[in-house]
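What follows is a short report on a single structure.
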Amino acid sequence: MITTIRRCRICKIELHEGNAYPNRKRKRLQPICKKCSSEYGKNWHKNHRPETRERQRRYYKLNKAKILKQTTEGRLRRNYGLTKEKLEEMRKAQNNLCAICKINPAQAIDHCHVTNTVRALLCHKCNTVLGMMNEDPIRLQNAAKYLIFW
């Protein structure tokens, strides 16, 4: 049985698992090496940019609600480890009010930047104050004392 050595159809180097992508459908290697494949893709995108952008715009226009939902849910999961249901439970438990001032609606998710654990939901102003004070309890106590005794 004669086995033929596969070569890249562009640069003609010998193909093996380290320098060519697998073709899962045909259960063998792609006919071009990774380097040539990358160059081909870059050139294709450069030459087809206008129609690609137009196709992306049309898709976004038709699927805007779905994309925004996926983006929001993905950000909640990645950044805070929360689901939409858990966030709604937190809102309900706080009566949709800030955990600090109890006046403004809760808009921001407060979390510890060291352990990345979610603490509560805060309004924009209270969340900004914590951030400006570097979440330092001593600085916050000093600020409270300053306001009380001024």
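Hydrophobic clustering, with ILVMFWY side chains joined whenever heavy atoms are under 4.5 angstrom apart, groups L147 together with W150. Residues V118 and L87 share a single hydrophobic cluster, defined by chaining ILVMFWY side chains whose heavy atoms lie under 4.5 Å apart. At a threshold of 4.5 Å between side-chain heavy atoms, the hydrophobic network of Ile, Leu, Val, Met, Phe, Trp and Tyr places L68 and Y59 in one connected group. Both M90 and I109 sit in one connected hydrophobic cluster of ILVMFWY residues. Membership requires side-chain heavy atoms under 4.5 Å apart, directly or through other members.
Between the side chain of Q94 and the main chain of L121, a donor-acceptor pair closer than 3.5 Å is present. Side chain of R7 to backbone of I13: no donor-acceptor contact under 3.5 angstrom is found. Listed for the N43 side chain is a donor-acceptor partner under 3.5 Å among the backbone atoms of E39. When atom types are taken as modelled, the side chain of S38 and the backbone of K34 share no donor-acceptor pair closer than 3.5 angstrom. With N19 contributing its side chain and E14 its backbone, the two residues share a donor-acceptor pair below 3.5 Å. A donor-acceptor contact shorter than 3.5 Å links the side chain of N116 to the backbone of N79. A donor-acceptor pair is defined here as one N or O able to donate and one able to accept, closer than 3.5 Å; no such pair exists between the side chain of D136 and the backbone of M133.
Taking a 6.0 Å sphere around CG of L62, one finds it holds more than 12 heavy atoms contributed by other residues, nucleotides or ligands.
To the nearest 0.5 Å, atom CD of residue Q141 and atom CD1 of residue I148 are 10.5 Å apart. Remark: C8 SG to K35 NZ distance equals 10.0 Å, nearest 0.5 Å. Remark: L15 CG to E17 CD distance equals 11.5 Å, nearest 0.5 Å. A distance of 5.5 Å separates CD of E89 from NZ of K86, quoted to the nearest 0.5 Å. To the nearest 0.5 Å, atom CG of residue D110 and atom OH of residue Y80 are 9.0 Å apart. Atom CG in N104 sits 7.0 Å away from atom SG in C126 (nearest 0.5 Å).
Partners of N23 by side-chain contact (heavy atoms from CB on, under 4.5 Å), not counting sequence neighbours, listed by chain and number: K25, R26, Q30. The salt bridge (charged side-chain N to carboxylate O under 4.0 Å, His left out) check on R91 picks up E88, with sequence neighbours excluded.
Classified by interplanar angle (parallel below 30°, tilted 30° to 60°, perpendicular above 60°), the ring pair H48/W44 is parallel.
What you find for P137 and E135 is that their closest heavy atoms are CD-O, 3.3 Å.
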**OP:** Would you sort out whether L140 and L130 count as a side chain to side chain contact (heavy atoms under 4.5 Å, CB included), showing the intermediate values?
**Re:** CA-CA 8 Å; L140 289 163; L130 287 182; 3.6 Å; yes
